[in-house]
Amino acid sequence: MKVIVLGSGIIGTATAWFLNKAGHEVSVIERQPGAAQETSFANGCQISVSHAEPWANPSAPMKVLKWLGKEDAPLLYRFRPEWLQWKWGMHFLRECTPARTDRNIRQIVAIAEYSRQTLQALRTETGIDYDCLTRGILHFYTDQKEFDDSLPSAKLMRELGCPRESISADAVVQIEPALARIRDKIVGGDFTETDESGDIYKFTTGLAKKAEEAGVNFQFNTTITRLLREGTGDAAKITGVEIIDAEGKHKVLRADAFVVAMGSFSTALLKPLGIDLMVYPGKGYSATYQVTNSAAAPTVSLTDDGYKLVVSRLGDRLRVAGTCELNGYTRELNTTRCEAITRRTRELFPDACDYDNPVYWTGLRPLTPSNVPYIGKTRYRNLFLNTGHGTLGWTMGAGSGRALADIISGRVPELDFAFTGMPRRSNGHSLTVQPV
Ligand SMILES: Cc1cc2nc3c(=O)[nH]c(=O)nc-3n(C[C@H](O)[C@H](O)[C@H](O)COP(=O)(O)OP(=O)(O)OC[C@H]3O[C@@H](n4cnc5c(N)ncnc54)[C@H](O)[C@@H]3O)c2cc1C
């Protein structure tokens, strides 16, 4: 079967890889000059199954209200005269009930765990070097209430098979001695030794190269303008994708099947087809510093709960990422947010890095209100979705690609997950979630 994948972030690239493995003829269309140049470029780099709690949880509404208007707030909702943003906000509130939070956590853990195993197998198979560290993820707390509130989540994770252990402040510093300087501020932590970290950009570009060698055709510098359709009801299908190629020429590319993996930009492409995706951009920031004193820099991937920042060691660089601003599709840098990241990192590891030359970056997380992605079918029989991976696209990426390749190939993916537009296979019920 001839399949066109739209977008070459981690999700599109992983999907293309597994489609090729399944024997399909695969092309990937991407507007950038290479793979992983938008959200999959400089993120927090954590493979974090243990922190599957979505932002939409029972404590979120009060926190979001408290943070309104605060320039350096971890999650900032800037109201805009934009229907999608308001609708998204209402759906977000709906996902904050305990029952929905519980359901969403279970979904995210299922795909994240499957994905971590898939990533591990992929790195063994391909040998891609991406500064991977398998030293676990250590989450530390500086607020007693936040730590106490984390205990039930950690327990739920353990019940779901994820070994997230709640630990004392001394144990935190034992696991990551670079945190010794702030020992007196730490009240506790949790550690998941099976979690990992690694450079998403290096991995995705490495996988794209291997996929190309295996026969996948990547068309970079090519902008997708619309999908063409025909038929109604069960006969509805996509006949082609209209693009502007690298020479500026409009063309229509034909295929048997199409996969939308365009991150935050999937929503606008699908709207004219009557598919209302609830994916909205959540702008996040990262800063990358050159490590100048290796012994003073952490090697265990960290989450600083108070500042909602994640820290990953990537060879001789330190990546610090976090914060979220719901403010449309702009990627401009806000100096206050950038400086807040450097201030905090310097406070944590003052002697570790060259803080005078940070490399700042922003990216748009493709957020669904529940943080559960759309992976599966649509009402167009040859149009498939792999988008909306939000805060955990790197964690869920490899598995999402593999699962969708299975679905397109007519196989049932090997995990219990509410795939879009498909009956749920486990427990004997036929439950369709997120129909589009
Ligand atoms: C600050 C920050 C920190 C994060 N930290 C983590 C983390 O630690 N762990 C984790 O698991 N996740 C993390 N994430 C989330 C993760 O980075 C994303 O979920 C993931 O990168 C999304 O991948 P994607 O392939 O869906 O989107 P993208 O990487 O954005 O890929 C979509 C592609 O589609 C292309 N495209 C879009 N429109 C068009 C068009 N019209 N024509 C042609 N091409 C088009 C884009 O150019 C892009 O390359 C973080 C995100 C941010 C912003």
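This structure is a prediction, so every number in the text was calculated from the model and none was measured. Excluded from the calculations below are hydrogen atoms, water molecules and symmetry mates; all remaining heavy atoms, backbone and side chain alike, are included. Here, residue 1 is the first one in the sequence, and each next residue gets the next number.
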Side chain to side chain donor-acceptor pair (under 3.5 Å) for His389 and Ser400? Distances and angles first, verdict last.
CA-CA 9 Å; His389 293 72; Ser400 299; 3.0 Å; yes

Salt bridge (charged side-chain N to carboxylate O under 4.0 Å, His left out) for Glu176 and Arg135? Distances and angles first, verdict last.
CA-CA 10 Å; Glu176 181 45 78; Arg135 303 186 53 134; 5.7 Å; no

CA sep, side-chain torsions, deciding dist, call: Thr101, Asn57, side chain to side chain donor-acceptor pair (under 3.5 Å)
CA-CA 5 Å; Thr101 305; Asn57 61 61; over 6 Å; no

Applying side chain to side chain donor-acceptor pair (under 3.5 Å), run through Tyr307 and Thr142 and close with a yes or a no.
CA-CA 9 Å; Tyr307 288 74; Thr142 45; over 6 Å; no

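Looking at Ser50, its side chain never comes within 3.5 Å of a backbone N or O of Ser48 through a donor-acceptor pair. Checked by atom type and distance alone, the side chain of Lys283 pairs as donor or acceptor with a backbone atom of Glu332 at under 3.5 Å. Using a distance-only test at 3.5 Å, with no hydrogens or angles considered, no donor-acceptor pair links the side chain of Ser286 to the main chain of Gly44. Panel note: side chain Thr222, backbone Ile29; no donor-acceptor pair is recorded below 3.5 Å. Using modelled atom types, one side-chain atom of Asn382 and one backbone atom of Ile238 make a donor-acceptor pair closer than 3.5 Å.
Within the 4.5 Å cutoff, the side chain of Val320 has no heavy atoms near those of the Phe349 side chain.
In this pair, Tyr280 and Trp88 present their aromatic rings tilted. The plane angle is within the 30 to 60° band.
Here the closest non-hydrogen pair linking Pro54 and Ile105 is CD-CG1, 3.6 Å.
Under the 3.5 Å distance criterion, with hydrogens and angles disregarded, a donor-acceptor pair is assigned to the side chains of Asp190 and Tyr141. In summary, the side chains of Glu95 and Ser370 do not present any donor paired with an acceptor at a separation below 3.5 Å, with no hydrogens or angles considered. Checking Glu230 against Thr239 by side-chain atom types alone, no donor-acceptor pair falls below 3.5 Å.
For Asp184, the CG atom sits in a packed shell: over 12 heavy atoms of surrounding residues, nucleotides or ligands are nearer than 6.0 Å. Other residues, nucleotides and ligands contribute at most 12 non-hydrogen atoms within 6.0 Å of the CE atom of Met62. The environment of CD in Glu193 is sparse: at most 12 heavy-atom neighbours from other residues, nucleotides or ligands sit within 6.0 Å.
Using a cut-off of 4.0 Å between Lys/Arg side-chain N and Asp/Glu carboxylate O, Glu196 and Arg123 are scored as salt-bridged. Ion pair Lys21/Glu125 flagged as a salt bridge, since at least one NZ, NE, NH1 or NH2 atom sits closer than 4.0 Å to an Asp/Glu carboxylate oxygen. For Arg31 and Glu38, the salt-bridge test passes: some basic side-chain N is under 4.0 Å from an acidic carboxylate O. Between Asp195 and Arg116 there is a salt bridge, with a side-chain nitrogen of the basic residue lying less than 4.0 Å from a carboxylate oxygen of the acidic one. The pair Arg343-Glu347 does not count as a salt bridge, with every side-chain nitrogen at least 4.0 angstrom from each carboxylate oxygen.
Evaluated for a side-chain contact (heavy atoms from CB on, under 4.5 Å) with Ile4, the options Asp256, Val28, Val26, Leu253 yield exactly one hit, Leu253. Each of Ile11, Leu6, Val279, Leu277 was scored for a side-chain contact (heavy atoms from CB on, under 4.5 Å) with Ser266, with one residue passing: Leu277.
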